[in-house]
Amino acid sequence: MAQNLKPVAPPKNNVLEKWKRNPNWEPEVVKDYLNFEEQYPKKQQRQLRSWVRTVIQVLFFLFLPSAYSAAFNGVKYIFTQVGKGAAIQWTPFVAILVVLLAYTIVFGRFFCGYACAFGSLGDWLFALQKYIAKKTGKKPKALPRDTAKALSGVKYVVLTAIIVLCFTGLYAKLTGWNPWDAFSMLHARNFALGKHIAAVVILVVLMVGMAFEERFFCKFLCPMGAVFSLMPTLPFFSLHRTRKDCLTGCSACTKTCPADLDLPESGTLSVRGDCFQCGKCVGNCPKTNIHCGVSDRAAGGGKRSLRGNELWFVLLRAAILLGLFIWLGV
Amino acid sequence: MSTMKRKHKSFVLRLVSLVVIVAALLTYNLITQNRLDAEAEARAAAEAVTVYDPLAGDVLTEASDASADTSVGAGSWKDGTWEGEATGYGGPIRVSVVVSGGKITSVGVLSHDLEDDAYYSMAEAVIPEVIDAQSTAVDTVSGATFSSNGILGAVDKALEGAVN
Ligand code: SF4
Ligand code: SF4
Ligand code: SF4
């Protein structure tokens, strides 16, 4: 998807040429570049991964589209009950919420990267826009990084607002505004949208946003994403990089990341709450420098370290998620 | 040590916040549950004083309460099994309503094929409410409004056939 963003290796002789012309160039840099070429992940590998991801996304989209709203209904339900002074029952929504949060604490936001219908919709709309842009040669301007960073705080405001509305009991009076309702009704081929005009309009606006900015809704607005990103995700399966082994001046991972993330350093408990676990950065790192876990030893793409985009690992996480959803009756 | 702290700070902060929120909700629930239980007991005790048979009294007051605010008066239906259909989240929901002695005694859902399971299982909670209140003028299950309205609508349709 992000072909135009991947770092392009200059041809070997060109690097050597440059080095000859500029003896101040550190030999390290040249070595790095040569390594880069040798180690560059094969294009087919990347294509296979992105294909597998799309298949998983399509299956979840078709068969389990409501997991996102069910889990978020759990949040709304809890605060509505507290607002009313009523007891919180163990309802299916609460169960889905709790299980999905526990899953996220262990595996990170794999749900967002592979299973959320709204997230997948965003990916496809963005891919479509890119395809059209490529055909027509007209590229829309990307959002400046600072703006994007600032906007990513808006989702916490959305979450807080919804919680307050639920707590005060006002939320129940706001029918016809929830874009998710409109999406679910359309997904269920129920076109009686008369009472949901506002929701449809908001949905269309969001979809336009999704098309022009990768993961627009997820990054900036999604209240469930806000909850996910506040979870204390364990570092074992979330992504880290060994910065000192990076290619000088490289930022391929950040550029390919839908959320523009700088991954944290290996060996720390630090985790990027905004990471969707899409795995794009892992396959795009020229030094195979991105990996799961806290240990420094896991770095360097050694045979026994878990990089996080292995096919078996992706399929395993998808299968566990699917099993949990079936068990919960989503 | 201080770098250690910095490296792990955000994680520890998140963990502590989560534990605090979960603990707060559990405590809240415990207190609320106790309060509700105490209230229910107090009510039962009060009723036991005024009415000879608390059980019969219960049913009586509830039935008369319900008839006060329903469009179709409680107990005004023909005995039998009545079927009705209405649209829920994704499609039709069919129910059968059993009326005996002029009262709704049971509501069964015949089909809800296009309903999402998570929503549908939430919405089912309206059925005992309908039987309790002998009316469809009950609160919908929040978060599962479409499916609840589907069930209530289908019960309404079924009762139309049962009107005396
Ligand atoms: S951020 Fe929200 S919409 Fe996006 S994938 Fe996650 S849950 Fe879905
Ligand atoms: S950090 Fe990597 S896995 Fe996470 S969202 Fe960015 S590209 Fe995807
Ligand atoms: S981790 Fe990121 S910055 Fe470092 S080499 Fe890999 S892609 Fe480049």
Side-chain angles (χ1 to χ4, degrees), chain A residues 64-67 69-82 84-96 98 101 105 166 169 171-172 175 178 181 184-185 187-190 192 229-235 264-265 267-273 294 325-326 328-330, chain B residues 3-22 24-37 39-40 86-93 112-125 139-150:
Chain A
L64 293 162
S66 60
S69 61
F72 194 62
N73 271 328
V75 176
K76 291 192 286 198
Y77 167 78
I78 288 174
F79 287 97
T80 308
Q81 293 299 93
V82 175
K84 278 197 291 200
I88 303 164
Q89 310 285 346
W90 185 255
T91 67
F93 290 155
V94 175
I96 292 169
V98 169
L101 292 184
I105 289 174
C166 287
Y171 191 89
T175 50
N178 185 346
D181 283 346
S184 301
M185 288 173 73
H187 191 285
R189 286 182 292 281
N190 175 358
S229 71
L230 290 173
M231 285 296 117
T233 307
L234 296 172
E265 182 66 32
T268 66
L269 274 177
S270 175
V271 162
R272 293 289 171 263
V294 277
F325 282 168
I326 290 173
L328 290 167
V330 173
Chain B
T3 52
M4 268 289 281
K5 260 192 191 152
R6 191 150 36 78
K7 275 182 191 169
H8 305 323
K9 198 175 124 204
S10 85
F11 177 78
V12 174
L13 205 69
R14 284 150 187 255
L15 190 65
V16 171
S17 324
L18 182 67
V19 169
V20 167
I21 291 175
V22 170
L25 288 176
L26 289 177
T27 318
Y28 163 83
N29 227 20
L30 210 69
I31 294 170
T32 312
Q33 201 64 60
N34 281 341
R35 181 172 56 78
L36 292 178
D37 286 351
E39 273 172 22
T87 308
Y89 213 118
I93 298 180
H112 59 97
D113 300 339
L114 291 169
E115 231 50 22
D116 198 276
D117 282 341
Y119 289 97
Y120 173 73
S121 48
M122 285 288 292
E124 268 185 324
D139 282 346
T140 54
V141 177
S142 63
T145 322
F146 293 104
S147 296
S148 331
N149 278 335

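Order of the sequence lines sets the chain letters (A, B, ...), proteins ahead of strands, with each chain counted from 1.
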>> For residues 24-34 of chain B, give me every residue with a non-hydrogen atom less than 4.5 Å from any non-hydrogen atom of chain A.
In response: B:L25, B:Y28, B:N29, B:T32, B:Q33
> Between B:F11 and A:T233, is a side-chain contact (heavy atoms from CB on, under 4.5 Å) present by the stated rule, with each step listed?
Replying inline: CA-CA 8 Å; B:F11 177 78; A:T233 307; over 6 Å; no
> Any idea which heavy atoms bring A:M231 and B:R14 closest together, and the distance?
Replying inline: O-NH1, 3.1 Å
> Given a strict heavy-atom distance threshold of 4.5 Å, which part of A:L230 is in contact with chain B: side chain, backbone, both, or neither?
Replying inline: backbone
> Contact part of A:A86 toward chain B, heavy-atom cut-off under 4.5 Å: side chain, backbone, both or neither?
Replying inline: backbone
>> Heavy-atom cut-off 4.5 Å, strictly under: side chain, backbone, both or neither for A:L101 against chain B?
In response: neither
> B:L15 versus chain A, heavy atoms under 4.5 Å apart: side chain, backbone, both or neither?
Replying inline: both
